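So that the names make sense, note that chain A is the first sequence line, chain B the second, and so on, each numbered from 1. Remember, predicted model here, so these are calculated numbers, not experimental data.
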Amino acid sequence: MWVEGNEVLTNALEIGGRSFQSRLMVGTGKYADNPTMVQAIEASGAQIVTVAVRRVNLDRSQDENILHHLSPDKFFLLANTAGCYNADEAVRYARLAREAGFNEFVKLEVIGDQKTLMPDVVGLVEATKVLVTEGFQVMAYTNDDVVTALRLEDAGCAAVMPLASPIGSGLGLLNPYNIRTIKHRLSLPIIVDAGVGTASDACVTMEQGVDGILMNTAIAAASNPVAMAGAMKLAVEAGRLAFMSGPMPRKEVAKPSSPTKGMLDQT
Amino acid sequence: MWVEGNEVLTNALEIGGRSFQSRLMVGTGKYADNPTMVQAIEASGAQIVTVAVRRVNLDRSQDENILHHLSPDKFFLLANTAGCYNADEAVRYARLAREAGFNEFVKLEVIGDQKTLMPDVVGLVEATKVLVTEGFQVMAYTNDDVVTALRLEDAGCAAVMPLASPIGSGLGLLNPYNIRTIKHRLSLPIIVDAGVGTASDACVTMEQGVDGILMNTAIAAASNPVAMAGAMKLAVEAGRLAFMSGPMPRKEVAKPSSPTKGMLDQT
Amino acid sequence: MWVEGNEVLTNALEIGGRSFQSRLMVGTGKYADNPTMVQAIEASGAQIVTVAVRRVNLDRSQDENILHHLSPDKFFLLANTAGCYNADEAVRYARLAREAGFNEFVKLEVIGDQKTLMPDVVGLVEATKVLVTEGFQVMAYTNDDVVTALRLEDAGCAAVMPLASPIGSGLGLLNPYNIRTIKHRLSLPIIVDAGVGTASDACVTMEQGVDGILMNTAIAAASNPVAMAGAMKLAVEAGRLAFMSGPMPRKEVAKPSSPTKGMLDQT
Amino acid sequence: MWVEGNEVLTNALEIGGRSFQSRLMVGTGKYADNPTMVQAIEASGAQIVTVAVRRVNLDRSQDENILHHLSPDKFFLLANTAGCYNADEAVRYARLAREAGFNEFVKLEVIGDQKTLMPDVVGLVEATKVLVTEGFQVMAYTNDDVVTALRLEDAGCAAVMPLASPIGSGLGLLNPYNIRTIKHRLSLPIIVDAGVGTASDACVTMEQGVDGILMNTAIAAASNPVAMAGAMKLAVEAGRLAFMSGPMPRKEVAKPSSPTKGMLDQT
Amino acid sequence: MESHKLQINVTVNGQARSSQAGQSLDVLLRELQLDSRMVVVEHNGVIVRRPDLVETRLDEGDNVELVHFVGGG
Amino acid sequence: MESHKLQINVTVNGQARSSQAGQSLDVLLRELQLDSRMVVVEHNGVIVRRPDLVETRLDEGDNVELVHFVGGG
Amino acid sequence: MESHKLQINVTVNGQARSSQAGQSLDVLLRELQLDSRMVVVEHNGVIVRRPDLVETRLDEGDNVELVHFVGGG
Amino acid sequence: MESHKLQINVTVNGQARSSQAGQSLDVLLRELQLDSRMVVVEHNGVIVRRPDLVETRLDEGDNVELVHFVGGG
């Protein structure tokens, strides 16, 4: 990310034994059309791209298949279990996804409530345990509760993915304290997933010290998705770099930037 | 800034009849040493660089002179009137600065209070009028009051520079509403000057629609000023691009990113 | 609370079949001395007062016993299970508390992490189910996750008690959105427990529409606990009343309070 | 306000040599009808009540005159110069108001911009100087700029009245830092005027240490103005008392409220 | 005699009004059914204190402003 | 003879469909013009790996789910 | 005679204590100068209701927990 | 002769300094080892443009300010 000089600033993101250069991961849903999706994803610089597992539409199957638009050689396809409301269902979708043959990773979602799309943390931990036993690299979409995050770490997740705010809401980082706490207490990579609305949300989220961000709607639902994808790429890099750079302390005192010495005598 | 496609996203910043590519302007004060300053400024990508007017130190004059470190061919040197507490004094410094021969621009500061370094808006408008008559391009450091900003526009400023928070405080953008209001009501370029503390502050400031940001301490007082300068460059670009991209609306409702159709039958 | 006129503004708080006039509940821990505690609790106007269950200190037992200071005829003693780290332990403490003979209510805490004192929501739901079967009125201290809150409602709680921020932190209401969401989605009384630091925190929390607040440290650790208790009483009432009064809409537009007509002719 | 014990908590508000018990001042504009206005003002507990100076409507003059509804024996009528756009006009209105014979106080407004109703600080200082010379007690409505506030103090104001946010916007306290700074730097009473939207806004404003609040729209435009007036009364008292009580320090660390000693042995 | 008094044009609160030359402000208020204790009078830009209302008389082209306190914030 | 094969009822992605008894999943995919490299097949709740598609045959009442990757977040 | 009663070892609130075999919990509380209305007693993990304190007797190795309400939040 | 020139007292950047009457600002800068392209000169409150430095001469009690650009924000 930061190529000049300091090695510590340039380190890659390691998840489940794999190494990624970009800390921005993007979804592939909700775009007006596929060319816009492809351009936006390219502008985002993302390597990890999420996809959903759904039935083939037997009537007009061709165009839906994401593989017609995104090459698995170029992008790391991270299947999700979106839409699953219990552990068994999520495990079933995860197994189907792995069978597609790209990788052993899954973005595990066990939704607990249809209105808020907040996770069911009990089902989430349960599904994680099953999938870890089967050799999956589980990246678990969760709320911002540190205790659940610790349980997910114990259960063998590859990464924990707390939300910034509800999926698709664009409300931004509602509770920076909780995200910071999760980052401090866990050893796993923390990828904030869901809720980012604009570039400054992404930037301030990265400044909490987390390892990456996954977003979809903020790009797909912008007036200009391709340009917003570029903005998000810059914002994630800016936030990461600022975090690594050690920002100045904030204080309720003004201090001149120009020298106070060397002023002329009053005429 | 944004080179692919959409022309409206790539427009330059026009101030006082000159055109600038970078929307980040940086100060040259408070660095631990000159090589760090030079590296940081280069990393920031800034074209406009502020300098102060001070007496030559007759004992060890060589090293202080900024021209020994920054070439006026490479950077646009914007002299400030920092440290001036009334209109006459500020006008005197501005005239001395112009005599250095680089350009007719001045970052006009008329400080009204030593503790907060907040501007004296009465003296500021007065000094602006004098300098405009003498042909200066005045960029006026001011508070976030829209009425004062309108008066400065009437007085013939080239740009209005409201603060985000007090100079050197790093408190970030305390009142986005006021900054947004100033941008909406004035036709002049609005450059937010002072108070930015970290990258997300810069990003969210640009997202208010302003034309640029000037900062010094946030870079100079970071643990790693050169890396922070790079972060600020990215953050300003990210914020500008996000603003131009039309962010999604924020709403207190969750919406799935993956299709709700095509789910499998329950087993 | 609000005695003039409108009946809807004066309704009592109903929990577990009992009716309470005050929406402020207070803890009894961390006071410098018992007389201060008693005075503060009286100034708070609270009816529900929490107590902990602990071993009698066999060496100097007299003064610790809260019953020597607070009459159970005057206050409704709500025993907590603070310090319990699993469901079984919490159930044991709840049973001991009930045996004291005052009431069938328990403030159920199942802590999941010693550093943050955040609840273990799995153990919490489990303990709730056991205690509800045994006829307890369970008031469950939980995080601000709506799915867990819904599970607690399903499990038969008498009230759900989401936190504003960590116990004893005084960070205030970190995520108003989550608290509002819990209130909207549940039918149970919602009592915000933990994290309030000062009066405005209490006021803004009540304005989310919740039914009450429980606090301890904000009063006990103020410089003047008795006066702060009075402030909290007022703040809770103010917040409740403002919520019931239907606040004006916020809008980014100024509107004069004085008539624009009837101005004099310019002289 | 706080009648038990501590004398320092009960001090009255002194402005221009007069002493007031209530720290909440209210306007009389924008009510649906006069009986609601009267009830709301009574519920607010305010002593100082603002009124505007306008032409008698020669066709139906009776009902407009505020003196038909509010007795000057019961309330302290504070005339404003709302609607005045320069110093001369404001001075004219102030003189007319004083001639009504109630008191020598004026809430001085010199508006600088019709859209935001933000003050013209140059005209404000100028009008203040004239009125002070003529023996007025000037309470100056101003923005949240500390330098202007200092100039107003120098000019002889009786109180400085910075805004929380634009008149009638209900946006609440946009910049607590600026208000705190004004309070710290001036010796005069600071009354925050304009922008409060709901009770918690009033409470948090008082917690900055200011001496009082003046509001109008937040009460008049609430769904239930009388109840909201009661809420504001409580909120102002709560905020003042909390400020005087010395709130606990906020810290990002949890601390138990119940003893960690005295736990039972595990069974 | 009263009936012979000269008619003059004055402006009261921005409205044209005909009056009699030499009419006092006191009488004007009474004609307008205004209670002088409730109103402040400005006559040609100068405030007229209540005791002086009887003495102050209208002339051709005079401008009178009658103000009072109304609801405001 | 082919023409004598028994007709059976199966469910594919929730839709009733008639097929021939003993037809392989591989043939089913071809009939549906689906590329087996792009699709994952679940047969009566059990995933069928690609090499086994030829061997796995349909029976009366079988439930087949054909899934693939679509856009999602 | 009292003096001949068998000495036993019990644990009360985590502290070792010697007592007499067959001593009732009621007596134990009195020895400890505790008011039974203020204390809840758990005997070998089972809560002993107040009326039963007189009947419940200590045996070798018994574990007794005596709890009450203290300040807490 | 040079050596007979009158000694005068001037103030340069706030410091007292003795100089020779009639010395040019140009020479003053050289004495101070300052590059005139890097410095702006104010002489008794009036800016002296570079071409005029040679012509402008010091007198008793003159005040000279020599300024340049330093780091500032």
By a 4.5 Å heavy-atom criterion (distance strictly below it), what part of Val39(G) contacts chain C: side chain, backbone, both, or neither?
->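 Answer is side chain: those atoms of Val39(G) sit under 4.5 Å from chain C.
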For Ile47(G), is it the side chain, the backbone, both, or neither that has a heavy atom closer than 4.5 Å to a heavy atom of chain C?
->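 Only the side chain of Ile47(G) comes within 4.5 Å of chain C.
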Is Glu99(C) paired with Arg50(G) through a side-chain N to carboxylate O contact shorter than 4.0 Å?
->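 Here Arg50(G) does not pair with Glu99(C) in a salt bridge, since their nearest N and O are not under 4.0 Å apart.
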Indicate yes or no for a side-chain donor-acceptor contact from Thr28(C) to the backbone of Gly73(G) under 3.5 Å, with no hydrogens or angles considered.
->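 No: the side chain of Thr28(C) does not pair with the backbone of Gly73(G).
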Would you say [X] and [Y] make side-chain contact, with heavy atoms under 4.5 Å?
| X | Y | result |
| --- | --- | --- |
| Leu66(G) | Arg55(C) | no |
| Val67(G) | Arg54(C) | no |
| Val70(G) | Val51(C) | no |

Please report the closest heavy-atom contact between Gly71(G) and Ala52(C), naming both atoms and the distance.
->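 For Gly71(G) versus Ala52(C), the nearest heavy atoms are O-CB, 4.2 Å.
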Taking all non-hydrogen atoms of both residues into account, name the closest pair between Asn65(C) and Met38(G) and its distance.
->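 Heavy-atom minimum between the residues: ND2-O, 3.4 Å.
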Segment of Lys30(C) engaging chain G (4.5 angstrom heavy-atom cut-off) |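 Neither part.
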Would you mind checking which part of Ala97(C) comes under 4.5 Å of any heavy atom in chain G, side chain (CB onward), backbone (N, CA, C, O), both or neither?
->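 For Ala97(C), backbone and side chain are both near chain G.
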Select, from Gly168(C), Gly27(C), Gly29(C), the one with the greatest count of heavy-atom pairs under 4.5 Å involving chain G.
->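 Option with the greatest count: Gly29(C).
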Roughly how far apart are [X] [atom1] and [Y] [atom2], rounded to 0.5 Å?
| X | Y | atom1 | atom2 | answer |
| --- | --- | --- | --- | --- |
| Leu58(C) | Leu34(G) | CG | CG | 7.0 Å |
| Asn57(C) | His68(G) | CG | NE2 | 7.5 Å |
| Arg37(G) | Leu67(C) | CZ | CG | 10.5 Å |

Please step through salt bridge (Lys or Arg N to Asp or Glu O under 4.0 Å) for the pair Arg95(C) and Glu42(G), ending with a clear verdict.
-> CA-CA 10 Å; Arg95(C) 288 172 180 155; Glu42(G) 194 194 69; over 6 Å; no
